[in-house]
Every structure is written in structure tokens, then in C-alpha cells.
Amino acid sequence: MADQTALTLLCLFLPVLAALLAPMAIGRFGAAGSWLLALAPAFSFVHFLTLLPQIADGAAITGGYAWVPSLNLSFSWFLDGLSLTFALLITGIGTLIVLYSGGYMKGHPQQGRFLCFILLFMGAMLGLVVSDSFLMLFVYWELTSITSFLLIGFDHEREAARRAALQALVVTGLGGLSLLAGLIFLWNMTGVTQLSLLVNVDDMLRESPFYLTALLLLLGGAFTKSAQFPFHFWLPNAMEAPTPVSAYLHSATMVKAGVYLLMRLNPVMGETPAWEILLPFFGGVTLIAGTVLAIRQTDLKLMLAYTTMASLGLLVMLTGFGAPHAVEAAALYLVAHSLFKGALFMVAGLIDHECGSRDVAQLGGLRKAMPITFGAALAAALSMGGLPLFFGFLAKEEIYYALAHGDLRSILFLVVAVGGNALMFAVAFAVALKPFLGPKVETPKHAHEGPFLMWFGPALLAALGLFAGIFSAVAHRFVSTPMASAVAGQPTVVDISTVPHIGMPLLLSIVTIVLGLLVYLQIDRARALAVRLLEAIGSGPDRGFDHAVAGLVRLSVAVTRIVQPGRLEIYLTVSFILLALTLLVPPIVYGELPDMPSWPSDVLFHEWAFVILALLGLFAVLRASDRLTAIVSLGIQGFAVAVIFLLFGAADLSFTQFMVETLSVVILALVMTRLRLSPTDHRPLGQLLFDAAIAIACGIGFTLFLLKATQGPFNDYLTQFFNTYSKVVAHGANVVNVIIVDFRGTDTLGEISVVLITGLAVLALIRVKAKPRADAVPAAVEEGAKS
Amino acid sequence: MAAPTTAPIDLSAAYLMAPTALADWLVIAPIGLMILLGAVLMMVRHRLHLHGWIAIPGLAALVLLDGMLLWRVVHHGPFTMTAGRWLPPFGISFTADLFGALMAFVAAVVALAAGIYALRDIDASGRRYGFFPFLMLLMAGVTGAFLTGDIFNLYVWFEVLLISSFGLLILGSEREQVDGALKYAILNLLGTTLFLIAVGYLYAIFGTLNMADIARQAGDYHGTAPLMTLTALFVLAFAMKAAAFPVNFWLPASYHTPRIVVSALFGGLLTKVGVYALMRVMVMLFPLQREDLSLVIAVSAALSMVLGALGALAQSDLRRMAGFAVIAGIGNVMAGVAIGGPTGVSGAILYALHSIVTMTALYLLIGEAARVGGSWSLQTLGGIYRKAPWVAASAFVIFFATAGLPPFSGLWPKIVLLKAALDIGAWWLSASILFSAFILTLALGRVFLLAFWRPQPAGAAVTVTTGTVERSAPLVGLVAIIVFFGLFPELPVRLSQEAAIGLADPTAYIQSVFPTGGAE
Amino acid sequence: METVFSVLIGFFFAAAVYLMLSKHSVRILLGIAIFGNGVNLLLFTAGRLTREVPPIIPAGMDTLPATAANPLPQALILTAIVISFSFFAFLLVLTYRGYQELGTDNTDEMRFAEPKDEPLPPLGY
Amino acid sequence: MNTVILRTVAPPITALMLVFSVFVLLRGHNEPGGGFIGGLIAASALAIYGIAHGVAAVRLAIRFHPMAIAGFGLLLATLSGFVSIFAGVPFMTGLWIYPSLFGVEVPLATVISFDIGVYFVVVGAIAGIALTLEGREED
């Protein structure tokens, strides 16, 4: 087992390793390097394939290593039917995508970087679906958002690509934060940090008062990632990315992460009213919105993108529907969708690559020029349309089987599903048949079959959709059943086969196909109808995004202008108001004002004299209207303080204060000769009163606090120690000086550092003259350390 | 000078009689080294070619010493050296506990990075007028603040780093600098003076200045109002220092004005000294009062986070944007302090450590972006992704680390803080953490779009100077740290948890200062 | 005694705050100087007051008599005085340079680091 | 201020103040005084000389740049703190020796050299500031 654990770990990181090598491989071997790089996902794919029998027998494979033990977080994976199916899709389609990219991006100067990002994404996505611990899931979840940002913005010189990248980052980033909060809620509610252990606490979770909060937060993550209405708008815009990205991230894998999460949580959080209302509702709305939007488009990729959104809605709806077989239907549809949608996207890219256009209106009659592509497209479209023999048919049958119950809710969603599927059928045929059938239309590039690297992938995927349908027993044994069991949280058997059974589901399938054909034949009229419908609804959330971003920026500018107004006066006013509050609120709140002091009768006459002199000095400074008065008054209060120090036994202090005051006055005089002191302090009366109120409040606060602090007992053991040992141990009779140079000498060391730096800083201030400003450009210093 | 008294004295009542281990010097050596080098640089001020040769090995030695200090604290617990051999609390104790040692070490690392970057960023005039002496004494002040065990001494180190920062801020004397420096100087001076006032009151109430001694006594003091006023005053003073809302004005007013390497140092270090002191005082010395004030701190934290992030979104100038990002980060640390408990405090410590590295890296990156793109402003920047892929890659890492996205170092403190906030049911605090992260993602994502991806707008005159190893090595080094600890966060997470426990229960700290129970 | 000092200190701080709320950098500077003196007096009072006897151990004695002033606050104030003087000197020169470079001592007009009415950041992508 | 009287009396006053500053410095351990005050007095002396005879004359007279003198002071003070590493006692422990010089016992201590360091820092830095500011008058 240990070997298997290490091997699984290696397989999880192989894409990342390949990503780091990608630029080098492409640089060395050109597009052929993609063969080399594809080995990494291929190896992982084979490894996961070997695990299939175990999983099919109902086992779950776990493994992992300590990662952040202090947070009770391990790097651990949990492979059951659900995870393994995803892992196979990711590595399998991933291998094909790497090869496809080799052809699609051939000769692109940034091809190495592109493959690097694709492989990084693959590593992230793989980690996401195998993660067992919550935080590991979150880390990988965000990694997929980040790599998706890089890939959507790959064509970064176009504004639309940049916008789409930011949009995806913002929407999925917001969802990611919501997910994080939800996961931490789960952690707090259950004390469990691993998904696989959640099963043990399920009822506790559902009965918790925070269930709904946690659910909404988690849905915030899942819905944004899986492009559910009203967060869907980023997905079609993400089609700005090169087509391999659309095929891989935005149809087959990343957008399904939300669905994955919901499926993963279904056993522990499902089957509650909230779950069974929210999921089908949003899923259903997304399904309808997606198909209507898809019909409206003429761009191949956009049509596919909107049907992807619709399919995701269908998956969410099924996951949350709560009826027997709904989960099986979801599992089947998920696999089928990955196969046919991946293939169709690659076909779209191939057409675009070879013909220079992907607008259905400009395409036609390509079947001769591109026969293999046509075959692949047709097979994929048939699967998407849900025609017998194809895997998509099985999925559709199962869906109708699950929904056909007769109660009102089921009927409602059945109608939604049939309508949605019919429209998807139409779009599938529009994408797969329109460009190939009919008369040949001249395209910007001369159309011919694409290179092997590019048709191989879609052909294989489309063929797989057929084989999986024909050999459904094998597919069910190894994929559908284990996956459905994992999603349902209990053993479930999928046994639907491609041989049609007479019954309600078949009838519904036929209705779907007929409806779909009708729409397909009238596609232009349907498109016009969709356009009119959407116009009637008005602008969607996509336009809103621009307004939201611009609005946020404007809002932030407005807020910042208020909180950072750029005026020192306001800064100081706020600071002093806070100071006054700090000093006055606690004594009042706690009702502990100092004792009312008695009149100080012990103060001597000359002491009063100097106190009053100090006050006079203060008053004179306040009133000073010219330089000389200000300097002299400042000197007066300073010298009064010095004398007060002397009167109360502080000789050293007094000396120093005298010297410092003298020097202050001298340098003040030196500088002030150049400075103008405005004759009056221009404050309007209101301002004056306001400032005075703050000042007085601060003064009172300090006084009250000092009174209170000094009214308590005083512990003077420090002083006693100094007094005792100053002479006998430290050899100094002047205790103050001994404290300065010995007992607390380190203070002095810091203090002289301050003095020294002040000297230098003043020197720098006076001597350094600003160079004439060239621009705000940081001039580099090319001159070294000479002179 | 008196001759020694002949009467026999009991020296053990005045002196620590235990022999001093050479390793104990580790708690003093980093500070002493920086002051010595500052003094030496001052003496050779006019021999500019010597500056780099003295300062860079000096900073490397600082990293080494702080690393050894950290190693010793991790393995042997807190230790103390009391200057002058006087019994604590009478002499000034320097105590290294895990919190202080971690902060000192990380600070030294970014100082080394900034020092190397400065070799190219600071011109001859800047050197002649003291860049490197300022840097040395700034580090003396920062390290001293992290390692001192005496609250008045802490004030002195605050002043040392403050005046050094003044010196750094005004080098160049451009108009913006003088304007910014005036606001910075006045408001910061006010902040430290309030700190000094608080120390005065503290002395009036407790009669002692040694922090371990205060920690022993604070629980005994029963008068609530004076202690609440005192601690509120500390919170105000340190919040000013840390640039927490609503006393953050000085930071956006000044941080974008000096040379970018100076901004990088400031962004990484200065505000963190403020939050360090806040945590030291509020968590270790006055835990009861911290609980009473937690709502106030939490409101300030939430507003700092949200308004900081919004401020970042509102800027065109990348340097000003970074200033607001610093404030948002401070909000996160304050949130941890407000939440309290081992998880909250460890989240705060972890965030502070992450923020020191990331904010320095962010400013250095902006310096590089401006070098390549020829502007500081989003209006005219562009095309960096093409011109300098490695700068773009660094930007990618640093931006997402700042916003707190994985797999970079910013994720982990955010997770710890969120967990702690939800544990105590402070949903609005968690919501602000998330909202702030979201706005920062948007703001920095926009920068990536506009400055890096967008082609250079037409008409923008660009004078690109060549990159050099002195510029790129520090940036790459810091990015490597951010990525490494994003992928393997166990070590910092564990250390921050232990540091938080040591802070909340300072028995070992007190024990190291008063091995025998101490004088009373 | 402490009462008188407490009230006196209140006046010092009130005056300092009022001056610092001025728009003019020179007045702010005067306020800072007074603020510093207030802090020194506060520290002095915090260590409790005694009259006249300086803390110098008389010849022939080994320890200081109990009536002497408390030396510790004095030492702290000495440190603080020198520091606040240094800052005062620096700020004074900074104000002077500000006046030179910015052409004003009115802090409302000092809008170089944070200019008024900056254009919006680009709203596009 | 540049009067003849000032020019005449400045040199003796400066010399007197410098001597007095050293006196204040050295007696500081036992009487009011010490490195700060001494340094401030000496710096004032140099400032007065500078006002009377011009900054250039002072710079010439003190030979070293004031900031270099301050740097030396800081170096001396810090090293005084580190001397105790050789005695196996903590940072800044006061160490006293009493070498006999011409039969007179002279007390020497690290705390005294520390205080001298303080003196030099204050002299250098404050004189530096004063001279810089005075220098502006001549621009």
C-alpha cells in the first residue's frame, strides 16, 4: 500500500512537474514537445485506471501525508467512485488537450507558457477532486480559479480577454471566499476536517442551527464556480480563452467543480427542504436561461458555452432533486457531457483554426474538406442530443426516469428538463451539422482537414461516447455505479442500457427529439425569438459587472476621500478627539473619578509664583502674534518648568532643562528669522470653540487621570534599590547620573542614538536639495558607489 | 570618584550572581551590532564606497544572529539578559521569547533584502546623507523594540526607529517628501509621546517598568478605571503607530513619497512594531483589559481592513495602493488581537510575519514595475508582462499573497483568523476579513490587468533602465519565501501558535526574568 | 502638591492641543514643544513629589536619605527631554524646509503628497 | 550679531566653556552634571564660536566633522557596554579598575567611558545641527 500511496502522490503532482518543464520542452522541441508533456497526464491516467477495479468493488482508497499538523491539516486524498471518475476525466481529457494544444498553438511564441498554465490547472483540478481535507480542497479550488484567470487572460493584449479574466477571477474568487467560510463553518460545527469523516456526523450537521448558513455559503462557492444563474455570465465571457482552455476548463472539468462539491456533500447535507428547493430551482433556471441564450448565438464557442451552462444547471438540478435515480442520472449525464462537450469544443476550435471563422452563419459545406472532424462532431452531437446507442441517450433516459413521478414538483421540473434538452438538441445539431452540411461557403482561410494532433482528441472522445453507450454494462460496472453510490452515499446500482425500453422515459425522449428537430429546422426563427425575448428582459448581469466594478472603484474613491482627506488639521483633530475620549470615557463609564482634592495649602509662595509664571508663559504663547513674542513666551514657560524642577529636588533635570530651553530658543531664533508667524491664528469662532473644547477635554482628562493615578499607593521599590546600591555597588553619589549611565544605561544608549540620527537627519534636510524633477519616473542609479 | 567602600556588601542582593552564558549575549548582540555599525558608518560617512561593504555583511550578520537567537528560543525557551548585571526589575532586561525572536528574525531578513536593493536604488547623495547609518539604527530600534523586556526602554527604541525613519523619509528632499514627512513626523511623534505618557501613568500606578514585573502585578490591581484608561491609552498610541483606522492618516500621506526601498522597509517593518507592542502590552501585560476593549479593537480592525482595501482600489499610484494594502493587513492583525485566545493571537502573529515579508516584497515589486514600465501610475503603466516576465511572475505571487489566496503565505493567517473569529461567533469580523480579501483581489487583479497585461498606452514615454542582480535578487528571495511558506506553512504556523501561547501565558517569560521568583 | 501639578499639567496639555489644532505649522511646532514639557512634568509627578532635596548621596553616607527626591523619574525625564529636544530640532528644520519647498506654512495648502481632486483611476480593463 | 565685541570675547568664552564642560562631565557621577550637560555646554561653546567667527573657523578648529565625532561617541559608548563580555558578566555591567598613575590611584570605569561617549555624541550632533543652521546664514 505504501507504494501505491507514493505513486498516487506522484501522479497528483506529475502535471505540476510537467508544467514547470513545459516552457523548456516547447522551447527545445517545438510543438512536438507536447507529446512529451502529454506523458505526464497519461501516466496519471493509467495509474487511476488501475485503481478502477478496487473502487468498482466498493472500496475507497485513502492516503496522504502530514502537511500542517498544527492546524490538524493533512495532505490526504480520498478516492471513491466520484473522485476517481473525475480524476479519470481530468487526466484523460487532459492528455488529449495537451496534444490538441500542441497543434492548436503551434508556432505561437508563448506556447510553452500556455502549456505550463494548462498543466498547472490540471494539477490543481486533480487535487481538487481527490482532496479529503477541507482546506486542501479550498487551496486547490482557488488554484483552479487562479490558473483559469491566467488562461482566460492568455491573449492579454485584447481588452475583452482581460475583462473576461478579471470577471472570472472576481466571480469565482468571491465564491471561493464564500466556500472557505462555509468549510470553516463545517469544521466548527462538526469538529471534523476531512470530507470522508463527515459521513459519521451527518445528522448533527443537518440539525445544526447553522446548517442553512453553512449551506448558503457552500452554495455560494459551488454556484459561482459552476456558473449557475445569476453568476453564469463569466462562463461565456471566458470563451475569450484559446479553445483548448474552453474545451478543458470551461466545459469538461473546472466548471464541474461546483457540481462535484454538491455531489460530495449530497450524502451529508442533502435531503433537506432547503437543499431540495434551492438546488433544483437554481439549476432549473440556469438550464432554461442557458439554452435560450445558446439559441441566440451564432458563434460556435458561445453556443457551446451557453449549453455548458445549461448542462451544469441540469446537473445541479438533478443533484438536488432528491428522488431515487436522480443521482444516477446526474452521474451519467456528467460523464456523458464531459465526453461530448469536450469533443465539440475541440471541433469548434479545429474549425476556427482551419477556416478562420467560427460563426455558423459564415460556415457551411465543410464535410468534404474535413471528414474526420465531421465524423467526430456528428458522434458528439448525437450523444448530446441523446440519441440511442450513445452515452448521452442513457443519461437522458435516466433523467426522465428520475423525474417522472407525477407530483406537481416533478412535473414542473420534467417540463423544464424536456424543454431544456430539446433546445440543447437543437443547438447540438446547429453546431455539429450546420458547418458541415449544405453548400460550401467560402471561409477566410482555405478549409482542409486539421493535423492529427488536433482531430485525434475530439474523435477519440466522440467515439468513447458511442462505445460507453454500446458497452454500457462495462461503463456502469466501473464508472457509473461507483460514482452514483458515492453521490448517493449508499450502494446504488446503475443498470440502464442502450436498448430502449417502452415506457414514459422513452416517450419523453421522443418528444425531446421531435421538439429539438423542430427547433433545429427553424433555428433562425428560434434565434430571432430568443433575441426578442432577451431584449424584453433587458440587460443581464454581464453588463452589470462593468457597472459594479466601476461603481466599486468610484465608491472606494469617494470613501477614501472622506477617510483620507489629505489635511493635517483633520488628522490631528480626529486624533485628539480620540485622545479625549480615551481619557474621559473609562472613568465615567466605571464611575471612578478621582477623589475631590482639597485646596493645596502646603504649596509655598515662591512655588505658586513659578507655577503662575509657567501659566503666563503658556497664555502668552497662545496669544503670540509675532515671532519674538512666541519665542520669548515659549522660553518663559520652559524656564519656569526648569525652576519648578529645581524646587522639587531635580538639579540635573533643571540644568538640562535650562540648557535645552536655551538651545531651543537659539535654534528657534535661527530658523524663525526665515519663517513668518502669521499674526493671528485665523480660526473662525465656531472652529475656535470646537478646538478649544477638544483641548480642554484633553487637559481635563490628563488632570483627572493623573490625580487618580497619584492618589493610589505608590510602590517605590525601584527607587529604594537605586538609593541603596548607587554608591556602594555602582560607585556614584549622584543617583540620577548612576541611573543614566549604569542602572538604566541602555536607555541612554538608545537616546544618544536618537541624538546622533537627529544631527544627521537635520544635515540631510538642510543640505540635500531636490533635483530638478524630470518625471515621476524612478531614476535608476547607474553610478555605483563612487565619489 | 569614590573609592570602593570597605564595608562588606551583600552583592547578591544587588547583582545577579548566576554566571552569564555566552549564548545569553544573543539577545543583546543584534541590537549592539546595529548600533556599532551605525556609529562606524557615521565615522566613515564620506567614504561612500565603504558603506555597502560594511552594511550588507552587517545585515547578513544580523540575520545570522537573529537566526541563532530564534533557534535558541525555539529549543530552550525564553531567556533574559539584564543589562548591568543588576537584579531585575532594577536593571533593564532584554528578554527573547518566541514572539519577539520571530519578529526580529523576519525583520532582519527583509532588512537584508532591502539593504541589497538599496545598493542600486540609493544614489550617492542619499548615501552621503546617511541612508546606511539610518538603516542600521532603524534596525537597532526595530530589533531593540522586539527584544527589550522593559517598557520605558521600549519607548526609547520606538524613538530610535522613529527618528531613523524620519531620516530615511526625507532623503531626497522632494516636495512630496517634505509634505509627507511633515504629516508623518507630527502624527508619529504624537503617537510615541502618547506612549510615553502611558508609560508615565503606568509607573505612577505600578511603580515598575519591567514588563515581566508588570505582568506579575497587573492581575492584582483592582481599580478598574485607571487601568482601563491606561490600557486604552496604550491602544491608542500603538494603533497610531500601527496605522489602524481611524488613526492611520500618516501612512497613506507619506509612504509613497520616499525612495521605493525606503517605502519597502517602512511597509514591512514600522507598522509591525506598533502591532508588536500592542500585542505585547495588551495580550501579555493586560489580558483582562484586552477583553474589555476587544470590541473597540475589533471595530477598528474591521474598519482598517475594509477601508484599507477600498483605499487600495481607489488609487492610481501603485505606491499609494501598497500603503492602503499595508493598512488592510494591519486590520487583520488587529482582528487577531481583538479575538484573543491562542488561535486569534497566533493568527495575528502569523499575519504579522507574513505581512512583513509580503509588504516589503510588494513595494520592491512596485519599484521594479516602475523601472520596467516607466511610471508609478496605472494611467500610463502597461506591457510589463511582455517586457519582463519575471517581474510579472513575482507580481502574480505577491499580489495573490497580499490578497490571501493560495498557494501563497497570505492564505494561512487568513484561515487561522477566520477560524478563530467564527469560533467566538464574531461573524461580522469574519465577513470583513473576507470582504477585505475580496476587494484586495479585485484591486490587485486590476493592477495585473492594467499594468502588466495591457499593452503600454500610446504616448507614454518610457525610459527603461536595466535590471541588475542587486535589484532582482532581493525580490526573488522574498518571493521564494512567500511561495515556500505558502506551500509548507507548518513551521511558521507551529511557531506562531507556540508564540501565542507564550504570550497569553507568560510564565516562562517571567521565569526567565526572575529565575528565583525575583525581588519584591 | 500632586494636585497642583496635575492641574498645571492639564493646562500644559490643553494649551499644547489647542496650538497643535492650528492650521499653521509653526504653531503646531510650538504646541509640540509645550506638549513635551507637559509630558516631562507628568513623568515627574508620576514618581511623587518631594521638596528640594536632590537625590545625591551626601559624602560619608552610603545610601540616600528617605527625604530625597525620587531619582528614577528624573532619569527618565532626562532621557525624554533629550529625545524631545532632538525631535523638536528636527521638526523645526523640517517646518522650515516645508516653508521653503512648499511655499506655505498653512497645512491646508500642503497638498503635494496627497493632491486635491486626483483623477479617477482607470475604470476599464 | 557679528560684532567686534563678540569676536573678541568669543575665543576665551569658548575655551572656558569647553573646560567647564569637561569638568561637568567628569564630576557627573557624584555631583549634578554628566555627559549630557557637558555635551550641551560644549556644543553651545562651539555654536558661540561659530556665530562669532564663522562656521568655517569652527570646522577647521575641530578638525573632524561633527557627525564623525558623534559617531565616535556612539562607538565608544557601545563598546563600553560590550567590554563586559570579556569579564563574563552581562551587557553594560560597570567594570572598575584602579591603576596607579605616578602613585595616584586613578579610577577608570566602563561607565565613565560610556558617559564620555554620551558627551561626544551630544557635542557632535548638537554642534553639527547648530553649525548647519548657522551655515545657512552665509549662503
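Note on naming: letters A, B, ... go to the chains in the order of the sequence lines (proteins, then strands), and numbering restarts at 1 for each one. These numbers were taken from a predicted model, which means no experiment stands behind them.
Proximity to chain C is limited to the side chain of B:L189, based on heavy atoms less than 4.5 angstrom apart. Both the backbone and the side chain of C:T95 come within contact range of chain B, each with at least one heavy atom under 4.5 Å from a heavy atom of that chain. Proximity to chain C (any heavy atom under 4.5 Å) is restricted, for B:F152, to the side chain, taken from C-beta onward. Heavy atoms of B:L449 lying under 4.5 Å from chain C belong exclusively to its side chain.
Contact count against chain B (heavy-atom pairs under 4.5 Å) is highest for C:A113 among C:S84, C:A46, C:A113. Among the candidates B:D317, B:V160, B:L162, the residue making the largest number of heavy-atom pairs closer than 4.5 Å to chain C is B:L162. Interface check for chain C: of the options B:V178, B:T192, B:L202, the most heavy-atom pairs under 4.5 Å are formed by B:V178. The candidate with the highest count of non-hydrogen atom pairs below 4.5 Å against chain B, out of C:P119, C:G38, C:P121, is C:P121. Ranked by heavy-atom pairs under 4.5 Å with chain C, the list B:G180, B:G207, B:A185, B:A253 is led by B:A253. Each of B:I163, B:T193, B:T257 has some count of heavy-atom pairs under 4.5 Å with chain C, and the biggest count is that of B:I163. Note on B:L182, B:L313, B:I186, B:V199: by heavy-atom pairs under 4.5 Å with chain C, the leading option is B:L182.
Between the B:Q379 side chain and the C:L120 main chain, a donor and an acceptor come within less than 3.5 Å of each other. Judged purely by atom type and a 3.5 angstrom limit, B:K183 has no side-chain atom pairing as donor or acceptor with the backbone of C:T107. In this structure, the side chain of B:R320 does not engage the main chain of C:E114 through any donor-acceptor pair within 3.5 Å.
The aromatic rings of C:F90 and B:F166 sit parallel to each other, their planes meeting at less than 30°, with 60° as the upper class boundary.
Partner B:Y155 forms a side chain to side chain contact (heavy atoms under 4.5 Å, CB included) with one of C:L76, C:T79, C:I83 and no other, that one being C:I83.
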